[in-house]
Amino acid sequence: MICESLKTCFDDPGKFLGEWFVLLPALVLLLAAAAAVVLRNLIHATLCLTLSFIALGILFIALGAEFVGFVQLLVYVGAVAMLIVFAILLTRPERLAKSDTALSGLGPAGGALAGFVTLGVLLGFLFTSPIAKKSLPGPASAPVAEIGHALMGDYKAALIVVGVLLTAALVGAAVLAMEDKNS
Amino acid sequence: MNVTLDGETVVKLQPVFGYLHRNHEKIAEGNSWLAAVPYTDRLDYICPLTNNWAYTLAVETLAGLEVPERAEYIRIITAELTRLQNHVAFMGFILADMGAWGSALMYAFREREKILDLFEALTGARMMCNYMRFGGCRCDLPSGWLESAGQLVEGFPAFLDEMEALLTGNEILLARLQGVAPLTPERAINGGLSGPILRAAGVDYDIRKVDNYGLYSRFKFRVPRGRVGDCYDRFMIRVLEARESVEILKQALVGIPDGPVVNPKAKQRGFRPPAGEAYGRIEGPKGELGFYLISDGSDRPYRFRVRPPSLINLTLLEELCLGTKIADVMVILGSIDIVLGEVDR
Amino acid sequence: MELLERAPVELKNAFLRVLGSLGVPEGMLAILSAVLIIGTVIGVFLGLFALMSVMERKILARVQNRYGPNRAGPFGLFQPVADGIKMLTKEDLVPRAADKVVHFLAPVVMMVPALLVLAILPYGRDMVPVELESGILFFFAVGAGTEVAIFMAGWASNNKYSVLGAMRAIAQMISYEIPLVISAVTAAMIAGSLSPSVIVAAQGGFAAGFLPHWFVTTPWGFTAALLFYIGALAESNRSPFDLPEGESELVAGHLTEYSGFKYATFFMAEYIGMFAICGMFVTLFLGGWQAPLPFLTVVPSWIWFFGKVCFVAFTMVWVRATLPRLRVDHLLAFAWKFLLPMSFAAFLSAACWHYAGRGPAAWFLSLVVVGIPYLVLGLSFTSRFSVSRRTYLFSE
Amino acid sequence: MTEILEAIQSAFPSADVGILTNPSPCAQHSLLVAGKDALDVAKFLRDGLGYDFCSNVSGVDWPPKKVREVVVRKETVDGVESEVKETIEREVPGYLEVVYHLFSIAKRLGPVILRLRTGNRSDEVSLPSLTPVWKSADFQEREIYDLYGIHFEGHPDLRRLLMWEEFTDYPMRKDYVAPDDYEYEPTPHDEILAKVGPPKEVA
Amino acid sequence: MVDEALKADLQKRGIFVASFEDLYNWGRKSSLWPLQFGLACCAIEMIATAAARFDLARFGAEVFRPSPRQADLMIIAGTVTKKMAPLVVRLYNQMPEPKYVIAMGACAISGGPFKEGYNVLKGIDRYIPVDVAIPGCPPRPEALLEGLVKLQEKIQAQRLFGPNRARHTDTCEAGDYPVPTYGAHDLEPPLNPQVFQPAPARKDLE
Amino acid sequence: MNFPGIGLLKGFVVTARNFLGSYVEKDRLTTRQYPEERPKLPENSRSFPFLVFDGEDPEAGMRCVACKICEKECPPQCIYIIQDRDAAGKPLKRPRIFDIDISVCMSCQICVEVCPFESIRMDTDYELSSFDRFGSLVLDKSKLLKSNAYYHGIHPTEASETDARIEADRKKKEAAAAAKAEAARKATAEKAAKAAHPPEETK
């Protein structure tokens, strides 16, 4: 098998790379996600989470969803992960050393149980959902322009609603922050 | 400096001194009166000549010595040149504290070099001049010195204009200096602040005008003072003072009389002032620089005390810094304009 | 000239043809071609970095009336070589309290995005290493990785200055990324594509026979270019936005604990990142590889591109030589209260320009649309910080 | 100076204040105030007389010294009154002194010199702190505490200023002996030669 | 290693041979980044040296690094007090090898004019090895440049192997110098005998 | 109220002017390329002390008489003098050892001022850095002694003044000696005369 893959590697590197380009990020994604759950060190866990975000973005790209992949990277790696980091750092690192949370009494067993329950629920929905019954479409890239037209055309109502919602949230956040300053 | 922070805001600040405590006072008490002069150079090592003057003034007060007129003029010229270079260096340093990549500092040092050239031509050393003596100055001006000093003074306003174009209108600088650490006149007086900081707080007090030491009463100059007392005022007061110093220099370079430069009655080696004590002070570039001397009639000072403006100007540092951002601390410290050699002595 | 224009590509093709005639399989050739392109691009940028590191010091020196490095080699041009030799052979210290793995990984992570973003820049006519439809997006998405690296560096050093520096860096980069992206979007919007080569193509041609159609010549483009420039300064942590490295307050920020080769890597990544963002700036607003005057089109396009990049880099050094550092709260306020609204104004202005027909009327309209917000925001922003002229009392 | 003394005495009839004359030509005489009255006098000087600026605070050490005095005594020997000159050696006890130089900013007056004296030179001498009156005395009093070992009562933050906390000596006192880390001298002075004997190899 | 004679011979014929050692030394000497750290009077002269008139940058040595981790050269400019000495030694320890020390000015070399002070360290060479000592109080900027050139010559002459090889290639020597602590009367210990090796006093006194 | 941004632009203009000016204006490129271009030091410039000798032979022409005034007056005490003695142990008027530790010297010039024999003067050589603090920074007599011609080379005005003063002193001394000799001669002559004519007087 190794011989075979080596052969493909030599004959058609594009195909060979293409396969690994999908498999590798997926593997990294899983491992990093697992590490993010298992690691005791909060910052390490966050870094692993970031890694899994990156891997997910690459996976999207490999699957042809370029736009989604980049947005995933930009938003999750660039903003969400950094916000998590900020939140951790602002809550005083000395307290992080002994992370005595309410759940820690339950031990790893509780965590594992919660994880498996979530996984089960997700899988259940996945298999019962009608989408899963459809056959997978072939890899097709969605051009950016099309996405744009779709957003501005078919889904413009949804876009506006989301926009208004986000604005309201932003204003709310600003108001909250201001009150905090005054008090 | 120990700073306690909440996020980026200062909640407690305790300056720690002594890292440059060189036992100036103790050494001076073990040496002759004359030997203390070169040590005063090293107090505030940016402006040695004013330190010389303060010490010799205190000794002259103690011993009741007269100073010839020409020597007084030379003292005023060198002191004002010192003030110029100190204020110019201050502008550069405060910019460096603000993180500008050195251009202002380099321009300041470019001009400072010219002043140092004058000092070297006069006294033989760039920084540690060791120039003034009891009852006068060590040596007379070399030939051509007045002309080159005149040239420098002529060109100086143009340089100040350039610095102001670079700095005083700059929005970033304004935003970083204005409104930072304002000070009321009452607090400033009670805190013992002196010099440009005191005047920036709006107090009209310049020892050159109050004590009329030297021959300052002969010169026409103005004393600028601020209204708000924040870092920007402290900055601007120095710019304006530098311009006034240029005015004084112009008058002094024209009016300098001929004559001896040292009182022939003053004995330098083995100088023994009568027993007693005296406090002499001048308006140094950084504030009130005073020397408190006690003589027991012997050839060495019994007590030699420096009133260091830099140390006492720091008294209110904590008060000024509370509630500001950590980046402001450096700027506030810069705006007070301290020299560690004088803080710790 | 034509030959020179195509020289890089033709050289590569010729080399590959030779290899192909030697019986190297097709797939392998494709990989080799990619490797060649990557090697060239990285090589060129490393060379630029080396040149820049000495030119920056020389320019700063000249601004400060001195010579700058001039002893190592002719005109001091070998200075970066000396620096490189020294850095490579320097002892690599890792603080005892540091998180060793993360400490090691940070410079690597820093280097990756800096190199990746080079892939989508159009270096000349038909010279884009990777033709991506959403190239601009790729640029910003990958660029976000530097934040992770800076955070890793700051945190792993386990030094209070480093952590503080890293936090500042992240806050700053997140805040400035938004106006940066929005001002970049204006160009994409007018060109109608997120692909860098299309954007460059849209800036081709000359108005009235000599005025290039670069976006920077329009009111909205000028505003957006300025905003992008400021954002780029902040993203590459350059003065006056070098707070993370604020020497007078924070030692060297997140780099405090790095020595030797790791520090060199960081340094290199920062400079290459800076070049990349300069390249983006050139692509978006300065017409990429387009020549500035019609008769100059004979000069190869890639020379124009790199010339413009070097010019932008020079202005960055100039800025560094002039301005003091901002304070952290001013910095954030500036991003959110001035840059962000201004970038929206530029956005709106671009739309006006487009719908008003891109003529003189459109020019005027878009000028008004950016001018008024500028004045209003500028004045309110400056008065907010009580910036005012003062008068001083004098007593005789 | 005498007006100030009179003003003080009229404000605080019980206060122990006197004038110490200065023989130097400058004639900057000073007010010698007892420690117990110092705070009141200082407040009066600031609020009543306008001396709002405390410029300089110095410590002075006066170690005990032997004074030779010529005392003239009248003696009546055998009904004949005669003056007998006698030299007696008297030991003057040492004391530490703190000197405050005060100025008035508004009235442009000064200096008024205020002296406080301790009773002896032991390690636990104390004086009232004038920092509550003049904030500017803060660092200077700390410095005097550091270098002379005078404890200032009522000082808000009395710690060593210039030397490190672990340091135990008071180096500005006249009898302080510096640690014997004398500079290695490539060519010793005669006196050092005499002290250390013939030159030896320094390890 | 190229034979010196051969090298000279080749150079005469227009062929320049640079051994690895020379290149390494050249790199080190042309890129001496000083630590941004000044103590007293001499620090002002150090800034003046970096400023326009004298321009330290010409030697590639203007990159004043605020962090000891990136610095190669420690210019001890000014009086080292006993209170400061432990911090100086710690900073020195934090610098990565190869590292050099210039003692600028009388105070740094020997305590200078302040050597009689109770809080003044009588020369920084009591705790850390000094490569070049520049006398003067303060030395002129030219003197500092001259000291720097001297240091460059010293680096250029260093050998990587053999008996007289450069100090930092000698792994036997401990990298960490003991940091003195504050004692009740003085620093403890008052000097590091491994570093401080004064020449014997003059013999011709008697 | 200014148009926002003008202040920044002014700053950019200043730096740009300096950048461009550095290529054309002399005053905007003030660097002296030190090892090649040496500064022209002003005449008063000083670095470290040296000893002046007259004539050719340093030992013979040495002006120093080992009076040790400079050693005593030197503020940092960096001068070490041991007087020479002849075989019988009688002090000679010249130093056997005259060392100056320039690693301590603060270039204050006080030794020059106090020297009554015009023998110690300030040098202008500043390129004295060394790898070895103990070896080359302690200047002994052989390194310190420099000829009067050298002195004239570095401080022409001061040196000629000194020479004139020495000359005047010498003349005065000679005149005094001559006068003394004359007086002595007269005295002896008188004595002789007295001796010659004792009878007249006794008469």
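In what follows, every chain begins at residue 1, and chains take the letters A, B, ... in the order their sequences are listed.
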Quiz item: Checking B/E60 against chain D: side chain, backbone, both or neither under 4.5 Å from a heavy atom?
Solution: neither
Practice problem: Could you check if a side-chain atom of B/L317 sits within less than 4.5 angstrom of a side-chain atom of D/F139, using non-hydrogen atoms only? | Solution: no
Quiz item: Just by modelled atom types, is the D/V57 backbone N or O under 3.5 Å from a matching donor or acceptor in the B/R305 side chain?
Solution: yes
Exercise. Give a yes or no on whether a salt bridge exists between D/K174 and B/E29, defined as a side-chain N under 4.0 angstrom from a carboxylate O.
Key: yes
Quiz item: Looking only at heavy atoms, which of residues 188-199 of chain B get nearer than 4.5 Å to chain D?
Solution: B/I189, B/N190, B/G191, B/G192, B/L193, B/S194, B/L198
Exercise. Could you look at D/M172 and say if it's the side chain, the backbone, both or neither that has a heavy atom under 4.5 Å from chain B?
Key: both
Practice problem: Step by step, work out the side chain to side chain contact (heavy atoms under 4.5 Å, CB included) result for D/Q28 and B/E277. | Solution: CA-CA 7 Å; D/Q28 293 173 345; B/E277 61 171 52; 5.5 Å; no
Practice problem: Indicate whether the side chain of D/S55 and that of B/R307 have a donor and an acceptor atom separated by less than 3.5 Å. | Solution: yes
Practice problem: Give, for atom CH2 of D/W134 and atom CD1 of B/I312, the distance between the pair rounded to the nearest 0.5 Å. | Solution: 13.5 Å
Quiz item: Hey, mind stepping through B/E186 and D/D52 against side chain to side chain contact (heavy atoms under 4.5 Å, CB included) and telling me if it holds?
Solution: CA-CA 9 Å; B/E186 292 76 35; D/D52 46 5; over 6 Å; no
Exercise. Determine the minimum heavy-atom distance between D/S58 and B/R303, stating which atoms define it.
Key: CB-NH2, 4.2 Å
Practice problem: Can you tell which part of D/V99 gets under 4.5 Å to a heavy atom of chain B, answering side chain, backbone, both or neither? | Solution: side chain
Exercise. Name the member of B/P274, B/P273, B/A278 that forms the most heavy-atom pairs with chain D at distances under 4.5 Å.
Key: B/A278
Quiz item: Does the pair D/R108/B/D204 count as a salt bridge with the N-to-O cut at 4.0 Å?
Solution: yes
Quiz item: Measuring from B/Y279:OH to D/N56:CG, what's the distance to the nearest 0.5 Å?
Solution: 4.5 Å
Quiz item: So with a 6.0 Å cut-off around CD of B/E66, is the heavy-atom count from everything else above 12?
Solution: no
Practice problem: Decide if atom NZ of D/K43 counts as having more than 12 heavy atoms of other residues, nucleotides or ligands within a radius under 6.0 Å. | Solution: no
Quiz item: Looking only at heavy atoms, what is the nearest atom pair of D/V60 and B/Y302, with distance?
Solution: CG1-CE2, 4.1 Å
Quiz item: Non-hydrogen atoms of chain B under 4.5 Å away: do they reach the side chain of D/R160, the backbone, both or neither?
Solution: neither
Practice problem: Apply ring-ring contact (aromatic ring centres under 6.0 Å, His included) to D/W164 and B/Y19, showing your working. | Solution: CA-CA 9 Å; D/W164 52 87; B/Y19 290 109; 10.0 Å; no
Practice problem: Among the options B/L20, B/T315, B/V343, B/L316, pick out the one with the most heavy-atom pairs lying under 4.5 Å from chain D. | Solution: B/T315
Quiz item: With only heavy atoms counted, which part of B/L311 is less than 4.5 Å from chain D, the side chain, the backbone, both or neither?
Solution: both
Quiz item: Can you name the residues of residues 140-148 of chain D that have some heavy atom under 4.5 Å away from a heavy atom in chain B?
Solution: D/Q140, D/E143, D/L147, D/Y148
Quiz item: Can you tell me how far CD1 of D/I105 sits from OH of B/Y205, rounded to the nearest 0.5 angstrom?
Solution: 5.0 Å
Self-check item: Rounded distance [0.5 Å steps], CZ in B/R281 versus CZ in D/F103
Solution: 3.5 Å
